[in-house]
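Structure, as structure tokens:
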Amino acid sequence: MATVYESIENEKISSLVFPKSDVLSRNEAIHQRLSELKMALTFGNLDYFKIKIYFEDNQSKKVVEAKVCGVTKNRVILTQGIGIPINRIYRTFKFYN
């Protein structure tokens with residue numbers, strides 16, 4: 001059975017509550033996530049791609065389509081300065097504008 005992710009707009013992310021635990025448990029998956037986020041930042045800076053970010057807050061799994069403007073040690077920064085904790089992200093997927 002496929003996992004269902006609720007689509008959400010960037011602006012609504014700032015009102016979400018994020019637990020401190022990581023959604024990923026395997027080291028390989030955690031390293032893959034960081035690699036995908038670094039690539040998403042590159043594509044966002046080049047203005048070529050929007051990225052689908054699959055993540056989970058304290059309520060449900062969600063997906064947002066956005067350009068990544070920054071990646072810090074703990075957060076992914078989207079347009080308008082909106083952030084998602086890295087430990088709550090499952091994966092990213094790039095697509096053309």
Side-chain angles (χ1 to χ4, degrees):
M1 186 169 165
T3 303
V4 177
Y5 289 84
E6 171 190 349
S7 185
I8 188 169
E9 296 178 21
N10 285 9
E11 298 79 24
K12 295 184 180 180
I13 292 174
S14 58
S15 66
L16 300 178
V17 176
F18 293 100
K20 299 216 183 287
S21 60
D22 201 315
V23 294
L24 301 177
S25 58
R26 293 186 356 206
N27 282 337
E28 300 86 24
I30 292 169
H31 289 294
Q32 178 66 30
R33 173 179 61 197
L34 187 55
S35 176
E36 290 174 358
L37 290 172
K38 287 179 182 178
M39 183 145 328
L41 175 60
T42 300
F43 290 138
N45 287 338
L46 294 174
D47 207 30
Y48 292 150
F49 296 95
K50 280 189 172 182
I51 304 296
K52 284 189 177 184
I53 300 175
Y54 297 86
F55 66 97
E56 186 173 351
D57 67 352
N58 67 331
Q59 301 273 322
S60 64
K61 294 180 179 180
K62 296 178 173 44
V63 61
V64 64
E65 297 178 6
K67 288 186 181 175
V68 174
C69 298
V71 178
T72 70
K73 182 178 178 181
N74 299 314
R75 299 180 81 70
V76 171
I77 310 302
L78 308 178
T79 53
Q80 302 174 352
I82 296 165
I84 300 173
I86 290 175
N87 65 331
R88 301 307 297 173
I89 297 174
Y90 285 100
R91 61 191 163 102
T92 63
F93 178 77
K94 64 182 180 285
F95 61 97
Y96 293 97
N97 282 336

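With sequence neighbours left out, the salt bridge (Lys or Arg N to Asp or Glu O under 4.0 Å) criterion links Glu28 to Arg26.
Taken from CD1 in Ile30 to CD in Gln32, the straight-line distance is 12.0 Å, to the nearest 0.5 Å. Taken from NZ in Lys61 to OH in Tyr5, the straight-line distance is 5.0 Å, to the nearest 0.5 Å. Note that the CG atom of Leu16 and the OG atom of Ser14 stand 7.5 Å from one another [nearest 0.5 Å]. Note that CD of Glu65 and NZ of Lys52 are 5.0 Å apart. Values are rounded to the nearest 0.5 Å.
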Please list every donor-acceptor pair under 3.5 Å in which a side-chain atom of residues 76-90 meets a protein atom from a residue at least two apart or in another chain.
unit_1 : atom_1 : unit_2 : atom_2 : d
Thr79  : OG1    : Asn10  : ND2    : 3.1
Asn87  : ND2    : Lys20  : O      : 2.5
Asn87  : ND2    : Ser21  : O      : 3.2
Arg88  : NE     : Glu56  : O      : 3.0
Arg88  : NH1    : Ser21  : O      : 2.7
Arg88  : NH1    : Ser21  : OG     : 3.2
Tyr90  : OH     : Glu56  : OE1    : 2.2

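Annotation for Glu9: atom CD does not count as buried by contact number, only 12 or fewer foreign heavy atoms lying within 6.0 Å.
Residues Phe18 and Ile13 meet the side-chain proximity criterion, which asks for heavy atoms closer than 4.5 Å.
Within the structure, every pair that satisfies the salt bridge (Lys or Arg N to Asp or Glu O under 4.0 Å) test and touches residues 31-42, not counting sequence neighbours, is listed here: Asp22-Arg33.
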Legend entry - Full working for side chain to side chain contact (heavy atoms under 4.5 Å, CB included) between Tyr54 and Val23: CA-CA 11 Å; Tyr54 297 86; Val23 294; over 6 Å; no
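Taking every heavy atom of both residues into account, Asn58 and Pro19 meet most closely at N-CD, 3.7 Å.
Placement of Phe93 and Leu34 in two distinct hydrophobic clusters is found when ILVMFWY residues are connected by side-chain heavy-atom separations under 4.5 Å, directly or transitively.
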